[in-house]
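Everything on this sheet refers to the single structure shown next.
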Amino acid sequence: MTSLRVHGLVDGQEDGVQVTPYALAVQEPLAMTAADGNLVDAFPRNLADEVRAVLAVMPETRIPSVSPFLLDVTGEVVAIPYRIYQDEPPIDAVRSLTAPQWMILHCLYSRHSDGLVRQRHLEQVVSSDELWVVPFVVQLVGEYVLEILEAIQHGLFDLPSKRSAQRLLYGDFIARNPAFFATIERRVVSYWSCYYRRGFPVFGTYPGCHLLELLRAAATDRTGRLWPRHTPAGLIGTAT
């Protein structure tokens with residue numbers, strides 16, 4: 001990947017990103033369901049028609065999607081569901097989806113209650129350079145499925161490269177959502193300590209730690225200042 005296609009981030013050009021206040025992202029959770037159309041709010045407004053086309057092929061569910069988290073995506077607030085509970089649509093129902101609609105479908109199902117479903121759909125979008133995909137990926141960094149962390153490491157293959165599209169994309173997102181990222185950092189530490197400490201006695205060897213180091217480095221590059229750490233230190237020689 002060599003460039004970002006939207007919002008003035010092209011070929012590494014700095015556009016004086018403004019780090020916005022995070023107050024919106026800590027409001028009380030809102031109930032949201034596909035039936036009332038609020039899942040449309042998980043994406044920028046210019047994608048509303050595309051999202052509605054995807055929602056039209058998703059099966060109904062008796063369990064509404066709940067507890068969205070509000071994030072800044074290049075100055076626009078989106079409300080991403082913490083979990084959705086719809087079954088995956090049958091193949092006949094999705095044959096007519098366009099490429100952007102498929103990406104939207106994969107993003108939504110990356111929030112599914114089943115970890116295997118989340119992983120399967122994440123793997124289809126993790127390497128995307130669309131800005132609206134980024135919050136779905138970063139949220140999964142802070143979850144407990146080790147295979148998902150490994151899939152993210154594999155998909156963000158260009159994140160270690162300074163001035164790469166991925167580095168700019170993720171650095172910009174973290175700069176706009178510092179409190180959200182701090183929460184992700186703490187969750188990574190908690191899940192490591194609870195579930196994976198036996199397999200990874202040192203936090204710096206845990207895949208989640210490696211991802212956090214790279215994401216912090218991307219934010220440091222984007223803002224020009226050392227990004228704060230909310231985890232134990234990584235291994236000597238890793239990104240800071």
Side-chain angles (χ1 to χ4, degrees), residues 1 3-11 13-27 29-58 65-84 86 94 97-112 118 121-122 124-142 152 155-156 165-181 184 215 218-219 222:
M1 294 184 290
S3 67
L4 302 180
R5 298 197 293 269
V6 292
H7 296 293
L9 302 180
V10 180
D11 293 329
Q13 178 181 346
E14 297 292 331
D15 64 352
V17 61
Q18 180 180 359
V19 178
T20 57
Y22 195 72
L24 284 172
V26 293
Q27 291 177 353
L30 308 171
M32 60 191 304
T33 68
D36 65 16
N38 282 345
L39 284 177
V40 173
D41 296 333
F43 300 89
R45 288 185 295 273
N46 66 308
L47 292 174
D49 289 342
E50 305 279 14
V51 180
R52 292 188 184 100
V54 172
L55 296 179
V57 306
M58 291 172 60
S65 305
V66 294
S67 300
F69 42 98
L70 306 188
L71 297 170
D72 180 337
V73 177
T74 62
E76 184 172 349
V77 175
V78 298
I80 296 175
Y82 183 72
R83 288 284 182 261
I84 68 169
Q86 285 95 329
V94 298
L97 294 183
T98 64
Q101 290 167 1
W102 268 108
M103 291 186 65
I104 290 167
L105 181 81
H106 291 312
C107 284
L108 287 174
Y109 278 95
S110 77
R111 305 307 317 130
H112 197 269
R118 293 199 299 277
H121 288 277
L122 163 75
Q124 301 303 312
V125 295
V126 63
S127 298
S128 170
D129 60 357
E130 293 287 358
L131 287 165
W132 45 269
V133 172
V134 174
F136 292 91
V137 176
V138 176
Q139 170 65 18
L140 284 165
V141 172
I152 294 172
L156 297 185
Q166 286 184 345
R167 187 93 157 194
L168 286 168
L169 193 70
Y170 281 82
D172 182 72
F173 174 76
I174 293 167
R176 293 176 183 275
N177 299 279
F180 171 72
F181 182 64
I184 295 297
L215 292 169
R222 188 71 182 111

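Computation of the quantities below employed the complete heavy-atom set of this structure, encompassing side-chain atoms and omitting hydrogens, waters and symmetry-equivalent molecules.
If you take CG on L131 and CG on D172, they are separated by 7.0 Å, rounding to the nearest 0.5 Å. Once rounded to the nearest 0.5 Å, the distance linking CZ of R167 with CG of L156 reads 12.0 Å. Atom CZ in R176 sits 11.5 Å away from atom CD in E76 (nearest 0.5 Å). Here the straight-line distance linking atom CE of M58 with atom CG of L39 works out to 6.0 Å at 0.5 Å rounding. Note that CG of L108 is 8.5 Å distant from CD of Q86, once rounded to the nearest 0.5 Å. One finds the CD1 atom of I104 at 13.5 Å from the OH atom of Y109 (value rounded to the nearest 0.5 Å).
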**Request:** I would like to know whether R111 and I80 meet side chain to side chain contact (heavy atoms under 4.5 Å, CB included); could you show each step before the answer?
**Result:** CA-CA 9 Å; R111 305 307 317 130; I80 296 175; 4.1 Å; yes
- Task: Let me see the working for Q166 and D129 under side chain to side chain contact (heavy atoms under 4.5 Å, CB included), right down to the final yes or no.
- Result: CA-CA 7 Å; Q166 286 184 345; D129 60 357; over 6 Å; no
(request) Could you give me the CA-CA distance, side-chain angles and deciding distance for F180 and F173, then say whether side chain to side chain contact (heavy atoms under 4.5 Å, CB included) is met? (result) CA-CA 10 Å; F180 171 72; F173 174 76; 3.8 Å; yes
| request: Step by step, work out the side chain to side chain contact (heavy atoms under 4.5 Å, CB included) result for W132 and V78. | output: CA-CA 9 Å; W132 45 269; V78 298; over 6 Å; no
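Counting all heavy atoms, side chain and backbone alike, A219 lies closest to I174 at CB-CG2, 3.7 Å. Here the closest heavy-atom approach between residue P135 and residue V73 is recorded as CG-CG2, 4.1 Å. Across P81 and A42, no two heavy atoms sit closer than the pair CD-CB, 4.0 Å. Between V125 and C107, the shortest heavy-atom contact is CG2-SG, 4.4 Å. What you find for L140 and S110 is that their closest heavy atoms are CD2-O, 3.8 Å. Between L169 and S128 the shortest heavy-atom distance is CD2-O, 4.0 Å.
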Got a list of side-chain donor-acceptor pairs under 3.5 Å for residues 47-56, not counting sequence neighbours?
unit_1	atom_1	unit_2	atom_2	d
D49	OD1	R52	NH1	3.3
E50	OE1	Q101	NE2	2.7

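The closest donor-acceptor contact from the side chain of N177 to the backbone of D72 lies under 3.5 Å.
For H121, the side chain to side chain donor-acceptor pair (under 3.5 Å) partners are E88, H106, not counting sequence neighbours. Applying the ring pair (Phe, Tyr, Trp, His ring centres under 6.0 Å) criterion to F136, with sequence neighbours excluded, gives F43.
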